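Source: prediction; values computed, not measured. Below, read A as the first sequence line, B as the second, and so on, with proteins coming before strands; counting in each chain starts at 1.
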Protein chains: 2
Amino acid sequence: MLRIAKLTDYATVLMVRLAREPGRYFSAAQLAVELGVPQPTVAKLLKRLLRAHLLASTRGVGGGYSLALAPHAISVADVVGAIEGPLALTECARGKGNCSLERGCATRANWQLINHALRVALQAVSLADMARPQLQPVYVQALQEKMP
Amino acid sequence: MLRIAKLTDYATVLMVRLAREPGRYFSAAQLAVELGVPQPTVAKLLKRLLRAHLLASTRGVGGGYSLALAPHAISVADVVGAIEGPLALTECARGKGNCSLERGCATRANWQLINHALRVALQAVSLADMARPQLQPVYVQALQEKMP
DNA sequence: CTATACAGAACCAATGCAGTCCTATTTAGG
DNA sequence: CCTAAATAGGACTGCATTGGTTCTGTATAG
C-alpha cells in the first residue's frame with residue numbers, strides 16, 4: 001500500500017496545528033486533547049520533532065513547544081524524515097550493499113530517480129501550504145518548477 | 001523510511017527481467033535461480049502478478065510466465081499496486097473514515113494531492129524504461145508532461 | 001501415465017510499530 | 001526553598017504486518 005506510518009500522519013497534523021499560530025507555545029497535553037490522540041503518543045512525537053530541530057521547546061510551568069522555523073520553511077519531507085528517518089524507497093537506495101541482486105541490476109539507478117521524484121514532491125509542500133484548506137494552485141506550480 | 005516492501009522490489013526486478021524478452025516463457029524455478037531469490041518466494045510473487053493481470057501463464061511441462069502486455073504498457077505503479085494493493089500514503093486516503101481526527105482536518109485534501117503526485121511519478125515509468133540502463137531523459141520528460 | 005509446472009490456500013517466525021511507563025531535569029510561582 | 005508543571009530520554013510490551021515455507025490440487029507435454 002506504500003503508506004506512511006500512522007505516527008507520521010499524526011505528526012503532520014500536529015505540525016500544521018502549530019503552524020497556524022507560529023509564535024505560541026503549546027504543551028503536549030494541550031495538543032493531545034485538541035487532536036484526540038493519547039497524550040504519551042503526542043509527547044513522543046514532539047520529542048522526535050524536537051530532535052530533528054523542527055521544534056523549539058521550553059520546560060517548566062507554562063512551557064511547551066513551538067515551531068523552530070517559519071511555517072513556509074518546513075516541508076512535509078522534513079516532518080516525514082524526522083519521524084521515519086531518511087526516506088529511501090528501496091533497501092539498496094540507502095547504501096548498505098547487502099543486496100543479493102547486485103550484479104547486473106539495472107533497475108537500481110532508475111529507482112533512485114523515482115525516489116528523487118517523491119522527495120521533490122514532499123519537499124515542494126510546506127506546512128504553510130498544508131495549513132491552507134486547499135493548496136491546489138500553489139502545489140502544482142511548485143511541483144512543476146522544482147521537478148528535475 | 002517510507003520504503004516499498006522488499007517483495008515489491010523483487011517483483012520489479014522480476015518484471016524487468018521478463019521485459020527484456022517479452023515473448024519468452026519463464027518458469028518460476030528458472031527465475032529464482034537467475035535472480036538468487038528462493039523459489040517459493042518467486043512463485044508467490046508471480047502468482048500475485050498473474051492475478052493482477054500483468055502476466056500470462058501456461059501450465060505443464062515447458063510452461064511458465066510471460067508478460068501479459070508490452071513492456072511499455074506496464075508501469076512501476078502497476079507492479080507496486082499488484083503486490084502492495086492500491087497505494088494510499090495516509091490511512092484516510094482510502095475511504096474507511098475511521099479516522100479520529102476527522103473534524104477540521106484540513107490536511108486531508110492536501111495529502112491526497114501529494115499522494116497523486118507519487119502515483120503519477122510511478123505511472124510515468126514503464127518496464128521498458130526500467131529495462132534501460134539509465135532512463136534519465138525519458139523519465140524527466142514523461143514526468144513533466146504528466147504532472148497535473 | 002508420469003514428470004513438470006502453475007494455482008491457491010494455510011501456516012509460521014520475526015521484524016517493526018504503536019503505545020505505555022518510568023525516571024530525570026528544568027522552571028515558574030507561592 | 002519547595003512544589004507543581006512541564007519537557008527529556010530511556011526501556012518495555014503487545015500486536016500487526018511481512019517475508020518466507022509448505023501442502024494439496026490441477027493442467028499439460030511427451
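Here the side chains of B/L18 and B/L127 are not in contact, with every heavy-atom distance at 4.5 Å or above.
Atom CD in A/E84 sits about 8 Å away from atom P in C/dC17, given to the nearest Å. Rounded to an integer number of Å, the gap from B/Q39 CD to C/dC6 C1' is 10 Å. Between the P atom of D/dG19 and the CG atom of B/L45 lies a distance of 9 Å, rounded to the nearest Å. For B/K6 and C/dA13, the NZ to P distance is 18 Å, given to the nearest whole Å.
Every side chain to side chain donor-acceptor pair (under 3.5 Å) that A/T8 has, sequence neighbours left out, goes to A/E84. Applying the side chain to side chain contact (heavy atoms under 4.5 Å, CB included) rule to A/A56 yields the partners A/Y25; only residues at least two apart in sequence or on another chain are considered. Looking at residues two or more places apart in sequence or on another chain, you find no side chain to side chain contact (heavy atoms under 4.5 Å, CB included) involving A/H53. Scored by the side chain to side chain donor-acceptor pair (under 3.5 Å) test, A/R24 finds A/E21 as partners (sequence neighbours excluded).
No donor-acceptor distance shorter than 3.5 angstrom exists from the side chain of A/D9 to the backbone of A/K6, with no hydrogens or angles considered. Side-chain N or O atoms of B/Q123 include none that pairs as donor or acceptor with a backbone N or O of B/V120 at under 3.5 Å.
A distance of 11.5 Å separates CG in A/L46 from CG in A/L54, rounded to the nearest 0.5 Å. Between the CG atom in B/L45 and the CG atom in B/L35 there is a gap of 10.0 Å [rounded to 0.5 Å]. Taken from NZ in A/K47 to NZ in A/K44, the straight-line distance is 9.0 Å, to the nearest 0.5 Å. Rounded to the nearest 0.5 angstrom, A/L50 CG and A/Y65 OH are separated by 6.0 Å.
Contacts with DNA chain C (heavy atom under 4.0 Å) in residues 24-32 of chain B: B/F26, B/S27, B/A28, listed by number.
For A/L7, the listed nucleotide lying nearest its side chain is C/dG19; candidates were D/dA8, D/dT21, C/dG19.
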Nucleotide N/O of nucleotides 27-30 of chain D paired with protein N/O under 3.5 Å:
unit_1	atom_1	unit_2	atom_2	d
D/dA27	O4'	B/R59	NH1	3.1

Between protein and nucleic acid, restricted to nucleotides 10-17 of chain D and to nitrogen or oxygen atoms under 3.5 Å apart, what atom pairs and distances do you find?
unit_1	atom_1	unit_2	atom_2	d
D/dG10	OP2	A/R51	NH2	3.3

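Using five terminal pairs a side, the axes of the helix from C/dC1-D/dG30 to C/dG30-D/dC1 at its two ends make an angle of 10°, given in steps of 10 degrees.
No engagement by B/L46 is indicated, since no non-hydrogen atom pair under 4.0 Å with the nucleic acid exists. Note on B/P40: a base of the nucleic acid sits closer than 4.0 angstrom, heavy atoms only.
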For residues 67-83 of chain A, dump all side-chain donor-acceptor pairs below 3.5 Å to protein atoms at least two apart in sequence or in another chain.
unit_1	atom_1	unit_2	atom_2	d
A/S75	OG	A/A77	N	3.3
A/S75	OG	A/D78	N	3.2
A/S75	OG	A/D78	OD2	3.2
A/D78	OD2	A/S75	N	2.9

